[in-house]
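Heads up: numbering here begins at 1 and tracks the sequence. Whatever order the structure lists them in is the order used to number ligands and atoms, beginning at 1. We use all heavy atoms of the structure for the numbers below, so side chains are in, but hydrogens, waters and symmetry mates are not.
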Amino acid sequence: MADPTLPPMTNRTVYEGAGLKIHTLISPPDFFANTTHVIELPTQLLVIDGQFFAPYGAEVRAFADSLGKPVTRFYISHDHPDHYLGFGDAFPDVPVYALPQIGASIRAEGPAALAARQQAFGPLIARTLNLPRYDVAEGTETVDGVTFAFSTAHDNEAAVSLVIRLPEHGVAIVQDIVYNGVHLFVTGPTTGWRKALESLKADPGVSLVLPGHGEPGGKEIIDVSLAYLDTVDALVAQGVDSAAYKASLLDRCPAYGGAALIDIYLPILFR
Ligand SMILES: [Zn+2]
């Protein structure tokens with residue numbers, strides 16, 4: 001059930017082309033600003049990523065139902081709980097796709113992650129998981145007349161993540177490789193992450209970037225993430241402690257959402 005006492009998601013149609021609309025729903029900044037992208041094709045919907053908090057999973061479901069087309073596939077980009085924990089109750093009946101290693105990881109770790117978050121957050125967390133049972137194969141596939149190109153990205157915000165491009169439309173669904181106006185989730189050296197951002201930036205086939213946290217945008221949002229990593233690296237190089245690190249990021253990015261993400265990763269980054 002969507003919870004009327006919680007602030008609503010933002011919901012915007014971020015792209016319209018031949019036989020394709022993309023709707024991006026974003027949870028509020030205090031709720032990690034997680035994105036879910038609803039890809040609307042002529043006869044069906046594909047959904048990318050499933051939120052952390054169950055009420056937002058339910059809000060995505062209500063929106064998908066309002067479009068009057070079935071959700072035929074649900075894709076999970078990577079194995080961080082803010083992308084797969086929130087939709088099990090709302091979408092118990094849709095086939096869930098992930099890269100093979102991501103699917104295996106979520107099937108192994110998901111139930112314990114769900115139980116731990118239920119303890120911590122109570123009814124804000126879903127009662128059930130809908131686990132990935134279908135492997136994403138790398139390469140291209142045409143669905144309802146639109147070409148999808150699936151590829152694996154390594155060593156960025158997550159060790160492994162799925163990137164989905166819609167080459168005919170200049171769209172790259174990169175999820176947590178790019179954050180926009182939200183604190184990045186940093187757990188170690190940023191070299192691989194920078195490489196992923198630089199190669200995305202250099203890709204002439206990309207004009208619309210769909211991030212995992214915050215608003216979609218043009219390639220300029222890649223620079224926002226790179227600048228944030230510059231700040232992180234400078235702080236780490238200065239040898240600041242975790243409290244000073246967090247205070248400095250909050251000070252330099254006062255309008256950013258997802259401050260709670262810093263608290264979650266600090267013990268990992270400063271271990
Ligand atoms: Zn995330």
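If you look at Asp82 and ask which of its N, O or S atoms sits nearest the Zn ion (ligand 1), the answer is OD2.
Using a 4.0 Å cut-off between a side-chain N of Lys or Arg and a carboxylate O of Asp or Glu, Asp230 and Arg194 qualify as a salt bridge.
The Zn ion (ligand 1) does not have His80 among its coordinating residues (no N/O/S atom, backbone or side chain, under 2.8 Å). Within the 2.8 Å limit, His83 places at least one N, O or S atom next to the Zn ion (ligand 1). Counting backbone and side-chain atoms alike, Asp176 contributes an N/O/S atom closer than 2.8 Å to the Zn ion (ligand 1).
Taking the six-membered ring for Trp and the full ring otherwise, the centers of Tyr179 and Tyr228 sit at least 6.0 Å from each other.
Atom CZ of Phe270 sits in a crowded spot, with more than 12 heavy atoms from other residues, nucleotides or ligands closer than 6.0 Å.
A cation-pi arrangement is not found for Arg61 relative to Phe87, the charged atom failing to lie both closer than 6.0 Å to the ring centre and inside a 45° cone about the ring normal.
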